[in-house]
Amino acid sequence: MAPGQEEAAQATPSLARRTLQVFTGNKLALTGVIVLALLLAFSYLGPLLYDTEQIHTDLSQANLPPGSSGHLLGTTDLGYDMIGRLMVAGQTSLEIGLAAGLLATLFGTVYGAVAGYFGGWVDATMMRVTDAALAIPAMFLLVVVAAIITPSKGVLIVIIASVAWLSPARLVRGEALSLRNREYVQAMRMMGGGGARAVFKHIVPNAIGTVIVNCTFQIADAILYVSYLAFLGLSIPPPSADWGSMLSAGITYTQNGYWWLIFPPGIAIVLVVAAFNFIGDGLRDAFEVRLRK
Amino acid sequence: MTGFTGFLVKRFLQAIVVLFLVSVIVFVLLHLLPGGPARAILGPKGTPQQIEHFNHQQGYDRSLPMQYAMYLKRLLTGDLGESFKLNSPVFELLKQRLPKTLLLTVLSTALAVLIAVPLGLVQAVRRGKASDYALTGLAFLLYATPVFFLGLIMIILFAQVLPVFPAEAPQGETIGELLRDASGLVLPVVTMAFGIIAMFSRYMRSAVLDNLTEEYVRTAMAKGQSSRRIMVRHVLRNALIPLATLLGLYLPTLFSGALVVESMFNYPGMGLLFWNAAQGSDFPVLLGVTLVVGVATVVGSLLTDILYAVLDPRIRSVA
Amino acid sequence: TREGGRVDMGPTGGTPVEGGTATMALPPASTPNWIFPIGAPGYGGSYNYGIQSLLFLPVYSPVQDRSKGGLTTHDTSTLGLEPKYSDGNKTVTVPLREGVKWSDGKPVTARDLEFWFHLVKANKADWGNYSVGTMPDNVKRFETVDDHTVRLHLTRAYNPDWFTANQLTLLRALPQHAWGAKTDGGEIGDWDRTPAGAKAVFARLTQHAKSLGSYGSDPLWKTVNGPWKLAGWRDSGQVTLVPNEKFTGPKAERPHLDKVVFKPFTTADSEYNVLRSGGVDYGYIPPSVMAQKEKFEEKGYRVDPWEGWAATYIVYNFNSTHAGPLMRQLYIRRAMQHLVDQKAMSDVIWQGSATPTLGPVPITPKSQYLSKAMERNRYPFDVAKAKRLLAGHGWRTDDGTARCVRPGTGDDQCGAGIERDDPLELTLLSQSGSTETTNMMQELKSSLSKAGIQLTVRQQPLNSVLGNSVPCKAKEPGCDWDMSFFGTAGSWYYPLNPSGEQLFSTGASANFGNYSDKKADRIIRGVQYSPDMKSVHEYGEYLADQLPVMWMPNPAYQVSVIRNDLRGIGQNPTITFAPQYWYYVKKKGAEK
Amino acid sequence: MTEPLLTIDDLRVDIASRERTVHALDGVSLQLAPGEALGIVGESGCGKTMTALSVLGLLPPGGEVTGGRVLFDGQDLAVAPAPVLQDVRGNTIGMVFQDPLTSLNPTMTIGAQVAEPLLLHRAGITKKEAWARAQEMLRLVGMPQPAERMKAYPHQLSGGMRQRVAIAMALVCEPKLLIADEPTTALDVTTQHQILELVDDLRERLGMAMILVTHDLGVIANRVDRVAVMYAGKVAEQSDVHDLFARPRHRYTEALFAALPERAAGRGTELHTIPGLPPNLSVRPTGCRFAPRCTFATDTCRTEEPPLADDEVRGAGHRFACFHPVPDEVTSEDEVVAPAQVPAPASPGDVLLELDALVKEFPLKGSAFSRSRGTVSAVGGVSLEIRRGETFGMVGESGCGKTTLGRVVAGLEEPTGGAVRFEGRDPADLSRSERRAHRRRVQLMFQDSTAAMDPRMRVGEILREPLVIQGVGNRAEQEKLVGELLDAVGLPRGAVHRYPHEFSGGQRQRLGLARALTLSPDLVVADEPVSALDVSVQAQILNLMRDLQRERGLTYLFISHDLAVVRHLADTVGVMYLGKLVESGPAEQVYARPLHPYTRGLLDTVNLPDPEAASGTERTPLEGETPSAARPPSGCRFRTRCPVAQDVCATAEPPVSTPHGAGHQVACHFPLAAPRLASAV
Ligand SMILES: Nc1ncnc2c1ncn2[C@@H]1O[C@H](COP(=O)(O)OP(=O)(O)OP(=O)(O)O)[C@@H](O)[C@H]1O
Ligand SMILES: Nc1ncnc2c1ncn2[C@@H]1O[C@H](COP(=O)(O)OP(=O)(O)OP(=O)(O)O)[C@@H](O)[C@H]1O
Ligand SMILES: [Mg+2]
Ligand SMILES: [Mg+2]
């Protein structure tokens, strides 16, 4: 054996490094990471530095405009400090978004992998169900649910996940359909391996790129959904708050010119959703490069 | 053409199954969750006797499978039931509202496509350049903006600060009446279009990028064509094919958007009908609208497949 | 409609002119959907009654007493004249105004009233206003005295005020000569005089009433006797009325306008946008915009909250599995009521468009049902007092939550059913979808916690709240709720007499919280049956003190915004419309 | 020498990507006279394609000419502005790419695509004229019914036909130069032959020059006038084709030739190999780029770059860049270190595998619009025997069912009919657990090891997976076994920690072999195991396979379309055509005295890597295309292309006969009698 062969094949940088490269190369993705980091720090570290009353209302301090004594961004309609409120709300929005996005991805992935790998009538049945669920516009489901359900964090997560799981399910099912015909899966079958091994050792790990990228988008969408639910009147009751409910509460005061009740939460939603999208887009680039190899 | 007929038959059967499932999902969802329509319809003053009477009349006191069977039976005779709140047959309501929603979606989709296609093309061609970043960033920001926030900004900007367009959609009974009052359509259509542009331009960008790496582009270059001509003659057409299919796939999303936009602008379409029905637990209307949208979606995806075949010779010739 | 929405006219002055069109916005979820004056359950919305009574003159109706202020049951706009009670208040004679004709020229007679009675009696279950024991159950015999007089023989003696206000107002005169057929095209006759016939006639009319789309063209609804007639009724619920040229009422009751349009909206926001652009003449603004009142006044509108004849409250569930024993302690209810800052809520959260509720009888507008004592707030916002009340009964607050340290039934002890260390923790079902309500509940939670009462607010859609807060027995599955609120638009709109028999008497249908108090039951019966006007004062004062519910700010029916040049609008607290009094004015000297 | 048509002078091309910059071309110099055919050969990645593409300025994104000139017709195309390049492209220089499917626009008709260059370059031509010209061109490239094909779409044509369209497109403006980048690599030998013939013919007719890029030395030997051998972004040697093959001077060229199985001394010998891999082009190596792999390299080679020097005898006509060239006098064969003669394999034992009238059919899958109609007869009744310890080589054109047969044998597909008997027992009759155990005894080695290995598993895990599945040993034992296997296939033990994509193609193929051997099978089905490899690496793998066979007593079912490779390795050969085994027998006999006209045709179609051989013998290459397996011809499936077919062939399936003795079977009504003249294959 020639000594040259050992290092001859160019060592590819690790995925982590490659991802890092992508992020430093892709300005939007980098922006996304920075924005997200800032929003996270704002929501979670903010309250440590900027302590405000977020439990008890103070109607005498309601609707103060920005710059009023001690309230840089003014106060809400219940007299909470706006900045402090944004922090508390940010935690809820991010947590619901992340949890719902992850839950949807997890369920969708397993669903899709099973449908795709087993194929045949299992696949046909499972896919008809997703077709049907897809044929009902998400907003329709949310409107109906909003008119019927009592919201809580857990409920919102489940509701959002229950409309969001479809896209990862279809995606992973597509991947699984093609992956199960890959030669390495066949090779494994030839050695006597079975279905579970195929799904968990080969199909799911190889679909992980798609899944992760999709998950990012799911989280973004989930945060959007949280705001839509709030708009529909389904938000977690105070004293907790999320950006969506702040925004839709703020909309009530549009006509009063209480802009500080509208734009900060609105912009926060746009920023965090866009940030996740930027990141997802960057990740997709990273994974695609890898797959192209 | 036997292949094509076979395909149609198969798709048709699939569609039936899907619609059946749609009705089951919505039916079960409506009926299993707490808070039946009786209270909503009768209000706090409804007496227990009236509630019982109402539930009996509507069959809500029977078992769920029984109720569903009854619903299905009526459905097969074309009876979608009666709205509790609007005191009209659901079928009539849908007949009036569907065209209006279609008008809204068609106009805004057309607008969105007209903007998104060149936008996506520019992004793809200028990939990695500052203008691509700017446009991509913009597209994502648009995508990240909840439609109701967008609509609100529109209203503030164009109906209040600069009162150029009315904040309310026209209230006509017919499409003709709606169109006569076209300035009222501007804000709803634009708001809805904005929500879709982001999605379409993003898709267009990646479709163009995919096609740009195809080898036939290199062949075309080897023939001595200019990049512009290659874009128009070769890439655009191939990139538009998946976009066409996207339209069919995004029908439910479009309806979602329509729902928000309609309720913001008081546009008398199906979304608004649905919205109001949900507020008032008007089950027959909720079921009816969902089914119609389900049918639209299923038909849409069928048409998409056919359209795909028309546009893509690879599929057409097999048929 | 009109240019730009700016009205160049102050709220007073100007010369009245005849003619013109007025468009009135109807609130969200108030889509007119029933024309037949016998409202089917679910179609009894006030907006329906409001429109029906413009086409079909009511016999008695809560009308504004324009001379004395307050409400009365009859005037020139009603068909009925002063009812006469006799036989120890067991018989009531209803005289009808003479010379009133249907639009087809036939006179309105006692037969038309009898027609109504038969239909209602035979189809009780399908009549929205029916509740067991009242009309028509309490009428033993319906007697037609002459063409213009009917007499009702009652099952027992009633308080005349209560009976006229809450029962006779249900009476309608319906055109028997036009509607009395069993089938379409069938012969018109006295079918209603047999129960089966009455059922058939009713069924046919209901059938017609079920097709909203054809109201405008259906000849049935063309026979009217009111000042207005129908010009159009869209599927969207938009109703257009024009003056009934065959109207036989007095001059004062004849319309000035050429046309009124009732326009429903789906959301307050969309209405607001239209209002701003001048698309409605008589609209409303969300309470939150009350702060912007001046903007509208600058534009030539007047802002006028339309107070409703209603009470708003949070229901206590006295049978709650968990909190029933707590709810049953008057001192706890008192402490809690002291913690409701109704004033601040009304001023800040409702931007001044709500008024504190002090008891079961509405404070505004003033009425004969209100006594001096009822106008006093017995439980002003007072955290210290609330704390004292609790401490005085053996509650201690160490970790933020009050706990019982002195169980027992003595005067200074927690009370029956409360164990040592029981916490003062309550859950509240509250309706979702309204910023004001959400904020009120948040404010309530916040102030209750100041006295150590921990409130958990669960928001649900209105229907779920109503569906979940039903009367129940302790420890039964559906009885795990402690408090419930569904009063974003007022919890309860009273008929003319604000008696609380449906709300507060033991076992009543709308007594969701299972309140049961022997004295209260007795007093309420008094309001219904005794001839004494005092009984209603006793009722109001006793329940205001006893706190069967937690009184909350009563929001206006709507915050109306009316063009300055549209006059003659009286906002009847029982939510009826009288556009026949409306008229436009123009500036003095300005020519049209 | 006449004025050159194209002069490439010290051309340097960099391709910058996210991670690194590849110096794809590093001073390439070439010359091409009008009408001349130049071949460019070299191992994968040496810069052949980049050279071709940079002539037309069609470098991939990130690619940039950093130095040198491309003079064409007096113009420097390397620095020409876009309009000038556009004028040249498709007009005076035509280009044909490797993959005829992807290089045609799928949504445009053939006619439109062929007419397009005319509309672009011939001012004033009407659309109608252009279409007429295009149709004419299609006829010229041998497209049957060109008028109808004009309206067809690319996917409606076979691979060969598509390549004809691509050629028509490149030639429709009658360019002075045709650049063809691996125009036939994706095609079957027979189609390849036809296309190359066509190009030869057209070149002659149109008098154009050609650059033919290929890695196939056989193609080069037969089709071009001059050859440039490239290595690592440079031209290593450039010469007249005859001279090059007769007396290669560069040590790399010499080694390349030596690695050819055709050049192997005999069946029993080891192939000559070139150790190592071409260098990484993202760093600029110092010295001779071939030095690390060259047995003659000295310190000079490693420090100094050899210049492209003229040959002593041929002068500028033959240039090479080597400090220690092959001495002029001796022939290359003597120079090569004599390969070790390997001991003859043990004589074949008893029958290990027996196929009995094996049939495999697939349902025909249409697209979304068509439901399945009919079946594809991939294997149409094949009977054969494979003895323990032997190598059974299976050859045939693309689509003839080789892979399917292999997969059925390996148990990846259930046969539709007939039986597979392993040591006399049909696995289908075995119990579940026996079947599981049986799987250990037959293993498959894939053509594309990249696809056959989970990209997310480390090599250690991949190799251990068969043991884990079969529950062989504990972890330590498994790891020990894996280590031994890596030793056996010549990979370092450290390889277990790396991922498949971190290995070269040849190394991956070793891994594939190692995995196939983990369970100590009796039979290894090797499906085209070396087709994707360069000659030098191919030689390594072939040697390895043979060594392992001897050490472990393996039996191979070796599937390949490369007759030379099969000949080198196989004891017994089977020839398949459209799902049928048309001929089988001992390798020497089948090659020397083919009985079936198809076998004969195949052998005659092969491009021998020897320019002299091409002219000498009389050949009857195969004509036409393989019919669809969905509708195989009746009777003898080969009859549609058979030169000796008669009526009976259409009606009766040919019986199996053995005119040359028991071991050599043929299924033909009219077996050939005359032996084929001796040749290298
Ligand atoms: N698009 C690209 N991006 C980066 N590097 C590339 C690209 N295309 C080719 N290369 C690199 O350029 C070098 C020369 O490639 P080229 O395609 O010319 O090789 P080749 O001789 O044609 O090989 P093959 O026989 O595999 O086609 C190789 O090292 C290759 O890795
Ligand atoms: N899974 C399958 N489904 C349908 N048809 C198939 C399938 N696999 C192979 N075929 C068809 O069976 C025939 C034989 O294919 P096979 O892959 O065995 O040929 P091959 O000799 O290996 O060809 P190549 O040299 O191209 O690899 C072909 O016509 C092919 O299209
Ligand atoms: Mg190449
Ligand atoms: Mg094969």
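The sequence lines fix the lettering, A, B, ..., with proteins before strands; numbering per chain opens at 1.
- Interface remark: B:Leu86 contributes backbone and side-chain atoms alike to the contact with chain C (heavy atom separation under 4.5 Å).
- Counted by atom type alone, C:Gln238 and C:Ser236 present zero donor-acceptor pairs between their side chains at under 3.5 Å.
- Ring centers of B:Phe84 and B:Phe54: under 6.0 Å apart, within the cut-off.
- Contacts with chain C were tallied for B:Arg97, B:Lys85, B:Met264; B:Lys85 has the most, counting heavy-atom pairs under 4.5 Å.
- A donor-acceptor contact closer than 3.5 angstrom is absent between the side chains of B:Ser256 and B:Thr253.
- Looking at C:Val465, there are no atoms closer than 4.5 Å to chain B (heavy atoms on both sides), in backbone or side chain.
- Heavy-atom neighbours of B:Phe91 CZ from other residues, nucleotides or ligands within 6.0 Å: at or below the threshold of 12.
- At a 4.5 Å heavy-atom cutoff, the contact between C:Trp492 and chain B is made by side-chain atoms alone.
- Contact of C:Tyr493 with chain B is made through backbone and side chain together, with heavy-atom distances under 4.5 Å.
- A perpendicular orientation is assigned to the rings of B:Phe27 and B:Tyr68, their planes being inclined by more than 60° (bins at 30° and 60°).
- Note: C:Tyr215 and C:Trp233 have perpendicular aromatic rings, judged against thresholds of 30 and 60 degrees for the angle between ring planes.
- Taking C:Val132, C:Asn129, C:Val274, C:Asp235 one by one and counting their heavy-atom pairs under 4.5 Å with chain B, the maximum is reached by C:Asp235.
- When each of B:Asn276, B:Ile51, B:Leu273 is checked for heavy-atom pairs under 4.5 Å with chain C, B:Asn276 comes out on top.
- Closest approach of B:Leu150 and B:Gly195 over heavy atoms only: CD2-N, 4.1 Å.
- Chain B forms more heavy-atom pairs under 4.5 Å with one residue of C:Asp126, C:Leu503, C:Val470, C:Thr31 than with any other, namely C:Asp126.
- Taking chain B as the reference chain and counting heavy-atom pairs below 4.5 Å, the highest number among C:Ser211, C:Pro471, C:Ala125, C:Ala510 is found for C:Ala125.
- No side-chain donor-acceptor contact under 3.5 Å links C:Ser131 and B:Thr47.
- Heavy atoms of C:Lys263 lying under 4.5 Å from chain B belong exclusively to its side chain.
- For chain C, the option among B:Gln57, B:Gln96, B:Glu92 with the highest count of heavy-atom pairs below 4.5 Å is B:Gln96.
- Using bins of under 30°, 30° to 60° and over 60° for the plane-to-plane angle, the ring pair C:Trp221/C:Phe36 lands in the tilted bin.
- Within the 4.5 angstrom heavy-atom criterion, no atom of C:Ala508 approaches chain B.
- Considering only heavy-atom pairs separated by less than 4.5 Å from chain B, the leading option among C:Gly42, C:Ala40, C:Pro28 is C:Gly42.
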